[in-house]
Structures are given as structure tokens and as C-alpha cells.
Amino acid sequence: MKYDWNKITQLSDMTSFEETQEFEKMVWDFVAQKENTVLEKLLNFFDDNCEYDEVMFSIIHAIETYDDDIYVKCILNNLYKIFKKSPHWGTVILYRIWNHDNCFNIFKKNIYLSNQEALFQILDLMAKESPDRLQLIDELKEERKKFSSH
């Protein structure tokens, strides 16, 4: 399958209902191929200013179809990029990872892959939203600090 990144990028403006539908269809068509480069490129479409939360959730659901190991490591490797453009959706993605036991275990095991600054900024946002998770957040920060020379 040929991926038309120019077209999906144009559609990501979602100026009409039809464009929104076509964008979502293309996301799912691209993801169906299960190529890792697609997964990483789709992360560029998260946008805190998007009027359509359901489209952002559609991207999340699409990328979650990848193998847990591939998906979680890709998120960790691209955390800085995600956070820089879309802190809200970055936190949503991490909550979803945390709420899935296998994904959370992969996350903890591979936390060293994350950009420490971006991870800590997202964790700080999560601490404000979910004070009941402060202990976990502190533990994750400590775990990531062990790899701070990386």
C-alpha cells in the first residue's frame, strides 16, 4: 500500500465532516499494514486544539492495535515529540498504557527510552489530575532517574 502522507496531512485540518471521515479512514487503512514507521508518523497528528476528541481517540485506538511491545516502546521513544505538540493527548495515552497491565509492565521496563524532561513534565500534569497516583508517579520518576546519563 502506498501511504499518501501529504493527503492525510491536508485532511488533518478537518475543515469538513467529509474530511474528518476520510482522515479517520486513512488512519485505519495505514495502521492495517502494521508498519512501525506508520505508527511513529501517526503520533504527529495528536493535537490539543482539535475540535474532534473522537478523532483523537480514533488515532489512539488505531495505534493500540499494534503489538503492545512495539506500541509502548514507540510512545516512550517519541514522548518528547508528543508532549511538545500535545500534552493533553500525551497524558491520555499514558493513562491508557497505565490501565493495561501488560503495557504498563513494558512501560516500566523500558522507561529509560523516554526523554526524561518530557516524561517528568507529563508526569507532573498527571500528578495534578490524579493526586491518588502520586506514589506511582514518584516511583516512575525515580526509576527514570536511574538512567539519567542516557
Side-chain angles (χ1 to χ4, degrees), residues 1-130 133 137 140-141 143-144 147-150:
M1 174 183 195
K2 183 179 181 292
Y3 301 106
D4 190 344
W5 291 106
N6 290 330
K7 183 172 183 179
I8 197 170
T9 300
Q10 290 171 343
L11 291 170
S12 71
D13 292 338
M14 297 180 229
T15 57
S16 70
F17 179 72
E18 292 76 20
E19 282 187 3
T20 302
Q21 285 188 309
E22 191 173 352
F23 173 82
E24 281 189 275
K25 182 184 180 320
M26 287 185 79
V27 166
W28 283 95
D29 288 346
F30 287 13
V31 165
Q33 304 304 310
K34 293 296 181 246
E35 292 181 17
N36 295 354
T37 56
V38 168
L39 174 59
E40 187 172 343
K41 285 183 177 184
L42 288 176
L43 300 178
N44 294 319
F45 294 111
F46 285 106
D47 181 358
D48 286 356
N49 297 315
C50 180
E51 295 180 39
Y52 308 103
D53 284 358
E54 63 274 12
V55 175
M56 297 295 104
F57 275 112
S58 185
I59 298 170
I60 290 174
H61 295 148
I63 64 177
E64 286 176 341
T65 64
Y66 278 79
D67 177 76
D68 290 346
D69 193 61
I70 292 167
Y71 162 67
V72 173
K73 287 178 180 176
C74 183
I75 296 300
L76 285 166
N77 279 317
N78 290 282
L79 206 53
Y80 180 79
K81 178 172 66 172
I82 297 167
F83 182 77
K84 184 177 175 188
K85 184 173 181 199
S86 186
H88 169 71
W89 289 106
T91 60
V92 170
I93 292 167
L94 286 191
Y95 280 127
R96 293 180 66 85
I97 288 171
W98 290 10
N99 290 329
H100 184 275
D101 289 340
N102 189 49
C103 287
F104 185 65
N105 290 331
I106 295 166
F107 178 85
K108 285 193 315 187
K109 184 179 175 184
N110 294 282
I111 200 165
Y112 66 92
L113 295 172
S114 67
N115 173 283
Q116 182 173 304
E117 178 185 353
L119 177 65
F120 284 17
Q121 288 175 334
I122 289 177
L123 292 176
D124 288 344
L125 281 175
M126 295 172 88
K128 290 176 187 169
E129 293 174 0
S130 301
R133 294 189 180 201
I137 289 168
L140 291 170
K141 283 182 174 182
E143 186 63 28
R144 179 57 183 90
F147 304 100
S148 61
S149 61
H150 295 158

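Throughout, residue positions are numbered sequentially from 1 according to the sequence presented.
- In this structure, Y71 and I106 have side chains that are not in contact, with every pair of non-hydrogen atoms separated by 4.5 Å or more.
- Considering every non-hydrogen atom in both E19 and Q10, the closest pair reads OE1-O, 4.5 Å.
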Item checked: CA sep, side-chain torsions, deciding dist, call: I60, R96, side-chain contact (heavy atoms from CB on, under 4.5 Å) -> CA-CA 9 Å; I60 290 174; R96 293 180 66 85; 3.3 Å; yes
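- A heavy-atom distance below 4.5 Å is found between the side chains of I59 and M56.
- With rounding to the nearest 0.5 Å, the separation of CD in Q116 from CG in L79 is 11.5 Å.
- Judged purely by atom type and a 3.5 angstrom limit, N110 has no side-chain atom pairing as donor or acceptor with the backbone of L113.
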Note to self: R133 vs Y95, test: side-chain contact (heavy atoms from CB on, under 4.5 Å). Steps then yes/no.
What the structure shows: CA-CA 11 Å; R133 294 189 180 201; Y95 280 127; 3.7 Å; yes
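- Here the straight-line distance linking atom CE of M26 with atom OG1 of T9 works out to 8.5 Å at 0.5 Å rounding.
- The distance from the CD1 atom of I97 to the CG atom of N102 is 11.5 Å, given to the nearest 0.5 Å.
- In this structure a side-chain-to-backbone donor-acceptor pair under 3.5 Å is missing from Y112 to E143.
- Side-chain contact between W98 and L140 is present, with heavy atoms from C-beta onward closer than 4.5 Å.
- For E54, the CD atom is densely surrounded, since the number of other residues' heavy atoms within 6.0 Å is greater than 12.
- Annotation: side chain of F104 is not in contact with side chain of V72 (no heavy-atom distance under 4.5 Å).
- Remark: side-chain polar atoms of N44 are paired, donor with acceptor, to backbone N or O of K41 under 3.5 angstrom.
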Check: Going through the checks in order, is the side-chain contact (heavy atoms from CB on, under 4.5 Å) test met by V38 and W5?
Finding: CA-CA 10 Å; V38 168; W5 291 106; 4.1 Å; yes
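- The closest side-chain heavy-atom distance from C74 to Y66 is not below 4.5 Å.
- In this model, a donor atom of one side chain and an acceptor atom of the other lie less than 3.5 Å apart for S86 and D48.
- A salt bridge does not link D124 with K128: none of the charged nitrogens is closer than 4.0 Å to a carboxylate oxygen.
- Side-chain contact between V27 and F45: absent, with no pair of heavy atoms (C-beta onward) separated by less than 4.5 Å.
- Side chain of T91 to backbone of H88: a donor-acceptor contact under 3.5 angstrom is found.
- Here the CG-CD1 distance, from L42 to I63, works out to 7.5 Å after rounding to the nearest 0.5 Å.
- To the nearest 0.5 Å, atoms NE2 (H100) and CG (D68) are separated by 4.5 Å.
- Considering only heavy atoms from C-beta on, L125 comes within 4.5 Å of F83 through its side chain.
- Between the side chain of R144 and the backbone N or O of F147 there is at least one donor-acceptor pair closer than 3.5 Å.
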Next item on the list: Give the intermediate values and the outcome of side-chain contact (heavy atoms from CB on, under 4.5 Å) for residues W89 and I82.
Entry: CA-CA 8 Å; W89 289 106; I82 297 167; 5.7 Å; no
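- Of the possible polar contacts, one joining the D67 side chain to the D69 backbone as a donor-acceptor pair under 3.5 Å is found.
- Counted by atom type alone, T65 and W28 present zero donor-acceptor pairs between their side chains at under 3.5 Å.
- Contact record, F30 with D4: CZ-N, 3.5 Å, taken as the closest heavy-atom pair.
- The distance from the CG atom of L11 to the CD atom of E18 is 11.5 Å, given to the nearest 0.5 Å.
- In K34, the NZ atom is crowded: over 12 heavy atoms of neighbouring residues, nucleotides or ligands sit closer than 6.0 Å.
- Put simply, the side chain of K109 does not reach to within 4.5 Å of the side chain of K73, judged on heavy atoms.
- Cation-pi geometry between K85 and F46 is not met: the NZ or CZ atom fails to fall both under 6.0 Å from the ring centre and inside 45° of the normal.
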